[in-house]
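Read through the structure below, which is laid out as structure tokens, and then see the notes.
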Amino acid sequence: MKPMTQDARDQDHSSFDQSNPGQPGAAQPEKTEQPDSADHSEAGGNEDLAAAFLRETEVVEEAVENGKKIRRKGIYLLPNLFTTSALFAGFFAVVAGINGEFTSAAVAIFIAMVLDGLDGRVARMTNTQSEFGAEYDSLSDMISFGMAPALVAFTWILQDIGKTGWVVAFLYVACAALRLARFNVQIGSVDKKWFIGLPSPSAAALVAASVWTFHSFDADAFGFKLLMLVVVAAAGVLMVSNIRYYSFKDLDFKKPVPFVVLLAIVLAFVLISVEPSVMLLLLFGTYVASGPVLAVMRKAKPKS
């Protein structure tokens, strides 16, 4: 064999180094910095996922502005905060009733009533009414004025009556749901001066005030159990009745009133503060009774 020259050996060594870059002494190819495509795709995926979540969970509803129908995204925060607070108060009433804190439960229902009255007024004052707000308010009312009063009354005294107790409690809940559903479909088709059927907040106030008063006086005799049974059942039936109740919506609070009106309001607050449970029971008991009394008076009145 013919021996290789030095030049041939150098050329062969150079080609071996290029074909085996991992070998020691081999010329390493120059590396260029490449962006981490996996990290970028992962970040882009996260951004796309967040955007998709916001898009799919966004509330979109039709509204009329300046006589034109538009599609509006998002919800109004201020009135829905009041609705959420009312919902929290109703849920707190349920928890308090389960824990045997019936006075706190009754007070929570009254707080829910105040908050429920504020959310609609705030929405009208700030021009932030919406279909979402109306539906959310209705669901909140179902908890605060449907479930909460029935469960509080049941855990306090109706459970002692057995099956009749929970059946009457369910009757109240069902009537509250029917009352709210009927009210939602009748908006705009009835006289705003009157409610058709007992409003659910007033029915809840009657039940809560009864629990608060009777529990404060440790009235747990069988007669009070029957009375509470009648109160809960009557409140439920009146909610789905056709008896009209004054709504107080035609009162104009912007007009001046005689000084004696303010004095009467102050005296009312003083009387309520003396014995809140009894005075609230008398107040809402009178309102609940006003519907049937006025209905009887209208039928007894001779037609001209």
Side-chain angles (χ1 to χ4, degrees), residues 86-87 89-117 138 140-162 164-180 183 195 197-241 243 245 272 275-292:
L87 176 62
F91 181 76
F92 178 84
V94 173
V95 175
I98 293 174
N99 292 332
E101 301 172 359
F102 300 108
T103 299
S104 299
V107 172
I109 292 175
F110 281 104
I111 293 175
M113 282 186 59
V114 175
L115 295 170
D116 179 68
S138 182
S140 173
D141 289 351
M142 182 59 206
I143 299 298
S144 300
F145 311 131
M147 290 292 296
L151 289 176
V152 170
F154 176 77
T155 53
W156 174 56
I157 204 169
L158 293 184
Q159 63 179 342
D160 297 339
I161 307 177
T164 306
W166 70 258
V167 167
V168 169
F170 171 74
L171 173 67
Y172 178 92
V173 174
C175 289
L178 294 172
R179 169 70 175 82
L180 292 168
F183 176 79
F195 290 122
L198 179 64
S200 57
S202 299
L206 177 65
V207 175
S210 299
V211 172
W212 189 0
T213 302
F214 298 155
H215 176 68
S216 299
F217 292 100
D218 294 327
D220 55 358
F222 184 73
F224 286 103
K225 295 178 182 179
L226 292 180
L227 178 60
M228 199 65 203
L229 198 71
V230 172
V231 168
V232 175
V237 172
L238 287 173
M239 279 192 287
V240 295
S241 68
I243 297 176
Y245 283 87
I272 291 175
E275 194 62 59
S277 61
V278 176
M279 296 308 300
L280 289 173
L281 178 58
L282 291 176
L283 177 64
F284 284 99
T286 301
Y287 179 74
V288 171
S290 67

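By convention here, the first residue in the shown sequence is residue 1.
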> Any side-chain heavy atom of P201 within less than 4.5 Å of one from D116?
Replying inline: yes
>> Which residues pass the side-chain contact (heavy atoms from CB on, under 4.5 Å) test with A93, not counting sequence neighbours?
In response: A105, A108, I109, A148
> For L180, which residues count as a side-chain contact (heavy atoms from CB on, under 4.5 Å) partner, sequence neighbours excluded?
Replying inline: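 Partners of L180 under the side-chain contact (heavy atoms from CB on, under 4.5 Å) test: S138, D141, M142, S200.
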Can you tell me how far apart [atom1] ([X]) and [atom2] ([Y]) are? Round to the nearest 0.5 Å.
X    : Y    : atom1 : atom2 : result
L158 : L226 : CG    : CG    : 10.5 Å
S290 : I243 : OG    : CD1   : 9.5 Å
I98  : L151 : CD1   : CG    : 6.5 Å

> Given F183 and M239, is the side chain to side chain contact (heavy atoms under 4.5 Å, CB included) satisfied, shown in steps?
Replying inline: CA-CA 10 Å; F183 176 79; M239 279 192 287; over 6 Å; no
Between side-chain atoms of residues 164-176 and protein atoms elsewhere (two or more places apart, or another chain), which donor-acceptor pairs fall under 3.5 Å?
| unit_1 | atom_1 | unit_2 | atom_2 | d |
| --- | --- | --- | --- | --- |
| Y172 | OH | F145 | O | 3.0 |
| Y172 | OH | A204 | N | 3.2 |

> Which residue pairs satisfy the side-chain hydrogen bond (donor to acceptor under 3.5 Å, both in side chains) criterion with at least one member in residues 145-162, sequence neighbours excluded?
Replying inline: W156-H215
>> Strictly by side-chain hydrogen bond (donor to acceptor under 3.5 Å, both in side chains), give each pair with a member in residues 95-108 just once, sequence neighbours left out.
In response: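 Sorted result for residues 95-108: empty, none.
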> Between E275 and T213, is a side chain to side chain contact (heavy atoms under 4.5 Å, CB included) present by the stated rule, with each step listed?
Replying inline: CA-CA 9 Å; E275 194 62 59; T213 302; over 6 Å; no
Which heavy atom of [X] sits nearest to which heavy atom of [Y], and what is that distance?
X    : Y    : result
V211 : F102 : CG1-CB, 4.1 Å
G90  : A112 : N-CB, 4.3 Å
R179 : G197 : NH2-O, 3.6 Å
A235 : V207 : CB-CG2, 4.3 Å

>> F214: which residues meet the ring-ring contact (aromatic ring centres under 6.0 Å, His included) condition with it, sequence neighbours left out?
In response: F224
Would you give me the side-chain donor-acceptor pairs under 3.5 Å for residues 276-289, sequence neighbours excluded?
| unit_1 | atom_1 | unit_2 | atom_2 | d |
| --- | --- | --- | --- | --- |
| T286 | OG1 | L282 | O | 2.7 |
| Y287 | OH | Y246 | O | 2.8 |

